[in-house]
Amino acid sequence: MTDFNRSVLPDAVRSNGATPNPWWANAVVYQIYPRSFQDTNGDGIGDLKGITSRLDYLADLGVDVLWLSPVYRSPQDDNGYDISDYQDIDPLFGTLDDMDELLAEAHRRGLKIVMDLVVNHTSDEHAWFQASRDKDDPHADWYWWRPARPGHEPGTPGAEPNRWGSYFGGSAWQYDPKRGEYYLHQFSRKQPDLNWENPEVRKAVYRMMNWWMDRGIDGFRMDVITLISKHLDSHGRLPGEVDSELSEGEIGEEGYTDASPFCSDGPRLDEFLAEMRREVFEGREGYMNVGEAPGITPERNEFITDPAHKELDMLFLFDHVGVDQEGSKWNTVPFEVRNLRARLADQQEAVRNAGWASLFFCNHDQPRVVSRWGDDSDRESRELSAKAFGMLLHMHRGTPYIYEGEELGMTNAHFTKLDQYRDLEAINAYRQRVEEARCQSPESMMAALALIGRDNSRTPMQWDASRYAGFTAADAATEPWIGVNPNHVEINAAEEFDDPDSVYGFYKKLIAMRHGNATVATGEWNLVAADSEQVYSFTRTGGDDTILVMVNLTGRTARVPAEVVRLLGNGVSESQVLLSTYDAVHGVKSIARGELARWEGVVIQL
């Protein structure tokens with residue numbers, strides 16, 4: 001069910017506050033990590049032709065939008081999030097002709113294509129950066145260049161302009177001998193931050209975005225876009241620089257100060273996003289733009305996604321995917337239902353009157369939810385918990401995002417050795433925390449990587465039970481770029497595709513409900529039973545129509561909350577059960593007993 005036959009929401013149904021309702025108000029987005037999706041040339045890396053070959057599968061699932069992680073030309077230091085040429089395709093993935101073919105074939109099936117875009121930073125191999133290394137070049141001020149601290153030998157420890165740490169470990173500053181100065185990189189040293197204070201940078205970015213939009217793509221997902229505006233003092237100095245009026249804060253356990261308070265949601269962010277809207281998107285139809293939003297609160301999400309402010313359509317917030325972390329990302333704590341509910345409730349309440357929510361648990365930067373918060377210890381537990389978290393997410397108000405393989409219940413990689421990982425963040429974090437700062441033991445760091453490391457979501461898509469899971473030919477001379485999960489023999493698309501009771505079959509039902517039921521798509525959201533330790537329940541209301549959603553997010557039996565019992569009154573009939581992680585009969589019996597089985601979720605028409 002693509003947008004060829006997805007019902008159009010009437011204007012009488014309120015979505016984000018815009019009139020007419022945006023087309024994406026009842027759409028579902030599917031994220032593809034191209035290097036792990038489908039390899040067609042046997043080099044062990046997925047490619048654009050591979051995506052094109054699987055479009056019928058995606059159309060059958062019923063999704064509307066395909067979001068592609070970066071396929072631009074890149075040195076691949078951070079798997080393509082370090083872009084060296086925005087207007088070309090990396091040979092790993094194919095050619096511009098392959099991209100045009102993918103666009104045409106997707107559009108023929110009613111599928112839209114949204115490209116990942118990274119404009120907070122580029123690769124250090126981008127022509128702009130190489131030119132900026134010359135102080136006399138017109139690009140000299142296109143990045144954040146700063147001299148060494150007075151009295152220090154440039155390039156030696158302590159000479160950095162301030163003490164900011166990088167998200168990927170080590171200092172956020174790299175010395176360049178050619179220019180004789182340091183450049184800022186919040187991520188890898190090969191990912192220098194662009195200076196958005198320079199209007200020429202912004203103009204160049206908008207020209208490039210328009211080039212892609214004119215080529216026929218349907219929008220952008222913008223990586224860490226809320227980091228483009230930095231906090232500066234009245235003289236243009238960054239916090240912690242010599243004579244800066246702004247303090248950079250305290251040094252943390254890894255030996256650096258935290259840049260995020262000064263680079264997230266900066267003072268000119270709204271100005272930049274509104275300018276981008278005017279220069280790229282105004283006058284176009286049928287597009288969608290979503291921003292990855294570190295440091296953004298639910299309240300700020302409401303402002304930025306309010307159509308009256310003409311900035312972005314949606315943002316990815318991160319507060320809910322940090323509920324099992326304390327302090328450092330790598331310090332994990334047990335998952336508690338109440339914490340997830342509190343964060344999601346904040347996000348839902350913030351867009352009650354205007355703006356919109358993005359709904360996700362999984363993506364290329366997050367582990368598999370069924371392993372993280374569910375139970376992948378056996379087939380039944382895995383399928384039930386995958387359905388439970390799928391139901392919970394997709395029944396909220398907003399636009400749901402499915403990450404490749406999530407619809408199959410794919411699990412974490414369960415790597416046990418550091419050399420199995422390919423992710424720069426994971427490898428650097430281990431070296432920084434275990435070997436250098438010695439603030440975490442090898443055992444606890446490996447456990448954290450196994451639970452939340454990014455490579456957990458990047459193992460090849462599991463198409464079938466063959467040697468390489470159908471990702472690449474079983475007799476391919478080159479192994480996949482990262483190890484295939486051994487459980488692909490049991491968990492794969494071929495096994496689930498024709499089974500209506502599979503996780504895949506369940507996701508098809510969730511997507512169909514979003515397409516066909518205006519209450520699910522845009523109805524008001526109201527929390528029920530805010531204190532339950534096991535059950536997350538809420539209602540969705542549109543006019544006279546009310547739906548109750550109730551999900552036991554634990555592997556043990558849970559009491560139906562008293563508030564839900566009162567709401568149900570005289571009980572529930574099978575005809576009222578719109579969807580269940582078990583089946584309608586099971587759901588009716590459970591409610592009659594006043595309890596939900598492990599991982600039991602029900603959607604009830606009141």
Side-chain angles (χ1 to χ4, degrees), residues 15-17 22 24-25 27-29 31 65 67 69 114 116-118 120 167 186 219-229 258-261 263-266 269-270 272-273 288-307 309 311-326 329 335-367 369 372-373 389-390 392-403 406 452 454 457 522 525 527 536 538:
S15 60
N16 67 332
W24 40 256
V28 178
V29 183
Q31 183 190 357
V65 183
W67 151 28
S69 284
V114 166
D116 218 321
L117 182 66
V118 192
N120 173 71
Y167 288 113
Q186 291 186 75
F220 294 100
R221 176 269 186 188
M222 288 169 273
D223 190 68
V224 295
I225 195 67
T226 53
L227 303 185
I228 58 177
S229 172
D258 183 6
S260 59
C263 297
S264 301
D265 198 15
L269 179 64
D270 292 313
F272 293 158
L273 295 179
M288 182 184 89
N289 57 49
V290 56
E292 185 187 28
I296 297 295
T297 64
E299 291 72 28
R300 282 287 288 140
N301 176 73
E302 177 191 21
F303 184 93
I304 292 171
T305 65
D306 184 338
H309 299 140
E311 295 187 30
L312 296 179
D313 297 327
M314 283 172 261
L315 292 175
F316 290 123
L317 303 187
F318 290 98
D319 48 348
H320 69 290
V321 292
V323 296
D324 56 357
Q325 300 161 353
E326 193 171 75
K329 169 179 178 175
F335 169 74
E336 293 187 25
V337 175
R338 69 180 70 187
N339 292 336
L340 177 65
R341 178 175 51 221
R343 299 288 76 75
L344 290 179
D346 286 346
Q347 294 180 19
Q348 292 284 296
E349 291 292 347
V351 292
R352 181 175 292 278
N353 297 315
W356 199 241
S358 296
L359 309 173
F360 77 97
F361 289 143
C362 302
N363 63 32
H364 65 290
D365 285 335
Q366 301 295 329
V369 70
R372 184 182 195 176
W373 298 334
F389 279 101
L392 179 74
L393 185 81
H394 283 250
M395 295 308 296
H396 276 79
R397 187 169 181 271
T399 296
Y401 289 73
I402 300 170
Y403 180 73
E406 187 177 358
I452 60 173
R454 301 195 301 179
S457 63
T522 61
W525 181 94
L527 184 62
Y536 189 149
F538 52 89

Should the ring pair F360 and F316 be called parallel, tilted or perpendicular, given that the plane angle runs from 0 to 90° and is split at 30 and 60?
perpendicular

The reported gap from CD in E349 to CZ in R352 (rounded to nearest 0.5 angstrom) is 4.0 Å

Closest heavy-atom contact between V114 and F220?
CG1-C, 3.4 Å

Please identify which of these residues, L117, I228, D116, meets the side-chain contact (heavy atoms from CB on, under 4.5 Å) condition with M222.
L117

Looking at every heavy atom in both P307 and N16, which two are closest together, and how far apart are they?
CD-O, 3.2 Å

Expected output: side-chain Y536 to main-chain L392 donor-acceptor under 3.5 Å
no

Taking salt bridge (Lys or Arg N to Asp or Glu O under 4.0 Å) as the test, write out the residues that go with R341, two or more places apart.
none

Validation row: V290, W67 side chains within 4.5 angstrom (heavy atoms):
no

Between N289 and D313, is there a donor-acceptor pair closer than 3.5 Å when you use the side chain of the first and the backbone of the second?
yes

Is R397 reaching over with its side chain to a backbone N or O of S15, donor-acceptor style, under 3.5 angstrom?
yes

Rounded to the nearest 0.5 Å, what separation is found between the OG atom of S457 and the CD1 atom of I452?
12.0 Å

Testing the basics here: between F318 and P294, what is the closest heavy-atom pair and its distance to 0.1 Å?
CE1-N, 3.7 Å

Among T226, D270, T305, which residue meets the side chain to side chain donor-acceptor pair (under 3.5 Å) test with R300?
D270

Could you check whether any side-chain N or O of D306 sits under 3.5 Å from a backbone N or O of G355, counting only pairs where one atom can act as donor and the other as acceptor?
no

Between the side chains of D319 and Q347, does any donor sit under 3.5 Å from an acceptor?
yes

Quiz question: by atom type and distance under 3.5 Å, do the side chains of H396 and Q348 form a donor-acceptor pair?
no

Test your reading of the model: is there a side-chain donor-acceptor pair from H309 to the backbone of F303, 3.5 Å cut-off?
yes

For M288, is there any backbone N or O sitting under 3.5 Å from a side-chain donor or acceptor partner on R221?
no

First locate atom CG of L359, then atom NE2 of H320, and finally report the distance between them rounded to the nearest 0.5 Å.
8.0 Å

Just verifying a value: how many Å separate L393 CG and E406 CD, rounded to the nearest 0.5 Å?
7.0 Å

All heavy atoms of P298 vs all of L317, minimum pair found to be CA-CD1, 3.8 Å

Any idea which heavy atoms bring S264 and G295 closest together, and the distance?
CB-CA, 3.9 Å

Heavy-atom side-chain proximity of L312 to W356 below 4.5 angstrom:
no

Could you tell me whether the side chain of F361 reaches within less than 4.5 Å of the side chain of Q366, counting heavy atoms only?
no

Side chains of S69 and Q31, donor plus acceptor under 3.5 Å
yes

Once rounded to the nearest 0.5 Å, what's the spacing between atom CG of D223 and atom CG of D365?
7.5 Å

Could you report the tightest heavy-atom contact between W24 and T399, atom names first, then the distance?
O-OG1, 3.2 Å

So, taking the atom named CG in L273 and the one named CD1 in I225, what distance separates them when rounded to the nearest 0.5 Å?
6.0 Å

Residues at least two apart in sequence or cross-chain that pass salt bridge (Lys or Arg N to Asp or Glu O under 4.0 Å) with R372, listed by chain then number, are D324

